[in-house]
> 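Here it is, the structure, as structure tokens.
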Amino acid sequence: MSKKALQVAAVRGTRDLWPSELSKQLHVTKALASVASRYGFGPVQTPTIESTDLFHRSLGDGSDIVMKEMYTFQDNSQNSLTLRPEGTAGVIRSLISSGLQYNGPHKVFYQGSMFRYERPQRGRYREFQQFGVEHIGSAGPSTDVDVISLARDCLQEIDLLDRVSLEINTLGCHESRLRYRKVLEEFLEKYRADLSIDSQQRLDRGSVLRVLDSKCDNDQRILESAPRLQQHLSDAARQRFDDVQGGLAALGIASNLNDGLVRGLDYYSHTVFEFVELKPETGAKGIAVLAGGCYDDLVALLGGPATPCVGWAAGIERLCLLSTQQPPSPTMIAVVPIAAGDSATVTAVRHHALRVAKALRDKGHTVHVCDGSSMKKQMKMADTFQCSFAVLLGEDELHNDTATVKHLHERQQHVVPLPELAAYFKPSALP
Ligand code: HAM
């Protein structure tokens, strides 16, 4: 007797997507891409694996992602590679390696798998899908507002606007942050022993701003009395942020100023923002569905000329979790051969059914051929495929050039001449 083979489980934090879920993801992605196209963004694709060094240099050694979430491995040539944890670094790496940094601005969108070794929970996976946009090489408050407006329109397109709130902050210019880092560091050093190990490590690595992002309650209590970045902004940075807020107001986009919002990646400067879930009953804030900001130093950090950039990315699983919008589903038609009689007749009816199904598909209809060993099983199949109509084709129909159309919800049926069958299913022609 053969032993039962051991089943292989999916990797923790990854998902298999079957049609009902994947159709929704594709529908959401398509909706976002169509809004991004209306804003003049075009599609871009970069590899899923990149040199590990890219993420160390762009996201920062003190970021959670680099410290503990990357899927890093050596290939057979001993190169250190990493499954991309986010899309921005790869897009900028690609811009520079393709020599495109000099003929901007560029406006691109992308979608695909990202990988982070995080603890899986609601809306959080180890392999997840992001849709992101990057506006490269055009500076200023109006660009920030335009990119946030794009995010808002994307969320509106999938009926999510009343489920989210826009949190916004500024990280100021380089000089503002240098000044602030110094005072924040002095403050945090006084509490070093009480801070979480993660935050102490961030202090050691010089990633002082990352401490503001700590998930530890005690760290957050200590931070309540910490100096605020807002108090250390240069006049120009403050003016820039005022202009962004003014632009959002001019478009009627409501936002909450959240001075604790620093984002988890080192490359940000000036405007940063997140659309976070609003819990329906309590109005409490939940998971971030879409987040981004300006990153004016990244191109230079990766070897290109100084280039202002702004962008965002949204977690597709999170958008699907919150959006109740369903992809439009076509009217399904079952073509059911009634195979009775001698084997030549059975074969002729089956072939006829395949031809009728193809003719209907050629006219744009969605058709399942429901062949099987009994009429009962065939009709069950039609039910499983959620068909609204069954086109019954037997020997009589074959000879008379007709089809018997059964309305599966209304329990009525009509005999339809075959040449009129495709038009019969056009919504306007339905009886
Ligand atoms: P991020 O905030 O790390 O930013 O991720 C953006 C979005 O990806 C989050 O708001 C969330 O919806 C989704 N996301 C992140 N981690 C997970 C996860 N483990 N499972 C499911 N969804 C997740 C970035 O990635 C930046 N590259 C965004 C950006 C583009 N900034 C400028 N340009």
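All residue numbers refer to positions in the sequence shown, counting from 1. If you're wondering where the values come from, they're calculated on a predicted model, not measured in any experiment. Atoms within each ligand, like the ligands themselves, are counted from 1 in listed order.
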> Which atoms of ligand 1 have any heavy atom of Gly292 under 4.0 Å away?
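Counting from 1, the qualifying ligand atoms are 31 (N).
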> My understanding is that we take every heavy atom of each candidate and find the minimum distance to atom 14 (N) of ligand 1. Doing that for Tyr267, Tyr125, Phe128, which one comes out nearest?
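Answer by nearest heavy atom: Phe128.
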> With heavy atoms of Tyr295 as the reference, note each atom of ligand 1 found under 4.0 Å away.
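It comes down to these atoms of ligand 1: 32 (C), 33 (N).
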> Is it the case that the side chains of Thr88 and Tyr295 hold a donor-acceptor pair, with the cut-off being a distance below 3.5 Å and no angle test?
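No, no side-chain donor-acceptor contact under 3.5 Å.
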> Under 4.0 Å from a heavy atom of Tyr268: give me the atoms of ligand 1 that qualify, with their elements.
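Those of ligand 1 that fall under 4.0 Å from Tyr268 are 26 (C), 28 (C), 29 (C), 31 (N), 32 (C).
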> Using a heavy-atom cut-off of under 4.0 Å, does the side chain or the backbone of Ile287 touch ligand 1, or both, or neither?
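None of Ile287 does.
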> Polar contacts were defined as any N/O atom of the residue lying under 3.5 Å from an N/O atom of the ligand; does this apply to Val289 and ligand 1?
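Yes, there is a polar N/O contact under 3.5 Å.
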> Does a side chain donor of either Gln239 or Asp243 reach within less than 3.5 Å of an acceptor in the other side chain?
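Result is yes, a qualifying pair exists.
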> Can Glu127 and Tyr71 be counted as having a side-chain donor-acceptor contact under 3.5 angstrom?
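No, no side-chain donor-acceptor contact under 3.5 Å.
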> When you compare the side chains of Ser323 and Gln325, does any donor N or O come within less than 3.5 Å of an acceptor on the partner?
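No pair is found: no donor N or O on one side chain lies under 3.5 Å from an acceptor on the other.
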> Residue-level breakdown please: for Trp312 versus ligand 1, do any non-hydrogen atoms fall below 4.0 Å on the side chain, on the backbone, on both, or on neither?
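It is the backbone that gets close, since no side chain atom is under 4.0 Å.
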> Taking only heavy atoms of Thr88 into account, list the atoms of ligand 1 that are under 4.0 Å away from them.
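What qualifies from ligand 1 is 26 (C), 27 (N), 29 (C), 30 (C), 31 (N), 32 (C), 33 (N).
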> Is there a polar contact, in the sense of an N or O pair closer than 3.5 Å, between Gly315 and ligand 1?
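Checking ligand 1 against Gly315, an N or O pair does fall under 3.5 Å apart.
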> What is the nearest protein non-hydrogen atom to atom 27 (N) of ligand 1, stated with its residue, atom name and distance?
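Minimum-distance protein heavy atom for atom 27 (N) of ligand 1 reads Glu86 OE1, 2.5 Å.
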> Quick check on Arg263 - does any of its heavy atoms sit under 4.0 Å from an atom of ligand 1?
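It does; at least one heavy atom falls under 4.0 Å.
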> So, Glu157 and Arg38, do they make that salt bridge, N to O below 4.0 Å?
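A salt bridge is present here (some side-chain N lies under 4.0 Å from a carboxylate O).
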> Where is the nearest protein heavy atom to atom 9 (C) of ligand 1: which residue, which atom, and how far?
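Looking at atom 9 (C) of ligand 1, the protein heavy atom closest to it is Ala288 O, 4.1 Å.
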> Among the heavy atoms of Phe275, does any lie under 4.0 Å from an atom of ligand 1?
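So Phe275 does not count as touching ligand 1.
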> Flag the pair Arg205 and Asp61 as a salt bridge only when some basic side-chain nitrogen lies within less than 4.0 angstrom of an acidic carboxylate oxygen.
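Salt bridge: no.
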> How does Arg126 reach ligand 1, if at all, at less than 4.0 Å between non-hydrogen atoms: by side chain, backbone, both, or neither?
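Within the 4.0 Å criterion, Arg126 makes no contact with ligand 1.
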> Return yes when Gly123 approaches ligand 1 closer than 4.0 angstrom through a heavy atom, no otherwise.
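Yes, that is the case, since the closest heavy atom of the residue is under 4.0 Å from the ligand.
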> Check whether any side-chain N or O of Asp75 sits under 3.5 Å from a backbone N or O of Leu81 as a donor-acceptor pair, and report yes or no.
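Checking the backbone N and O of Leu81 against the side chain of Asp75, no donor-acceptor pair under 3.5 Å is found.
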> Decide, yes or no, whether a salt bridge links Arg192 with Asp204 under the criterion of side-chain N to carboxylate O below 4.0 Å.
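Looking at Asp204 together with Arg192, the answer is yes, because their closest N to O distance falls below 4.0 Å.
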> Out of Arg116, Glu69, Glu118, who is nearest to atom 19 (N) of ligand 1 when you count heavy atoms only?
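Closest candidate by heavy-atom distance is Glu118.
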> Using distance alone, decide if ligand 1 has a nitrogen or oxygen within less than 3.5 Å of any nitrogen or oxygen in Ala314.
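No; every N/O pair is 3.5 Å or more apart.
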> Between Ser165 and Asn256, is any side-chain donor less than 3.5 angstrom from a side-chain acceptor?
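Asn256 and Ser165 do have a side-chain donor-acceptor pair below 3.5 Å.
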> What protein heavy atom lies closest to atom 7 (C) of ligand 1? Include the residue and the distance to one decimal.
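Scanning the protein heavy atoms, the shortest distance from atom 7 (C) of ligand 1 goes to Ala313 O, 3.5 Å.
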> Which protein heavy atom lies closest to atom 33 (N) of ligand 1, and at what distance to 0.1 Å?
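Sorting protein heavy atoms by distance from atom 33 (N) of ligand 1 puts Glu134 OE1, 2.8 Å first.
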> Are any of the side-chain nitrogens in Asp266 or Arg210 under 4.0 Å away from the carboxylate oxygens of its partner?
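A salt bridge is present here (some side-chain N lies under 4.0 Å from a carboxylate O).
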> Please determine whether a side-chain nitrogen of the Lys or Arg among Glu175 and Arg179 lies less than 4.0 Å from a carboxylate oxygen of the Asp or Glu.
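Here Glu175 does not pair with Arg179 in a salt bridge, since their nearest N and O are not under 4.0 Å apart.
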> Check Gln130 against ligand 1 and report side chain, backbone, both or neither, counting heavy atoms closer than 4.0 Å.
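The answer is the side chain.
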> Under 3.5 Å, is there a donor on one side chain and an acceptor on the other for Ser255 and Glu167?
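Side-chain D/A pair, Ser255 to Glu167: absent.
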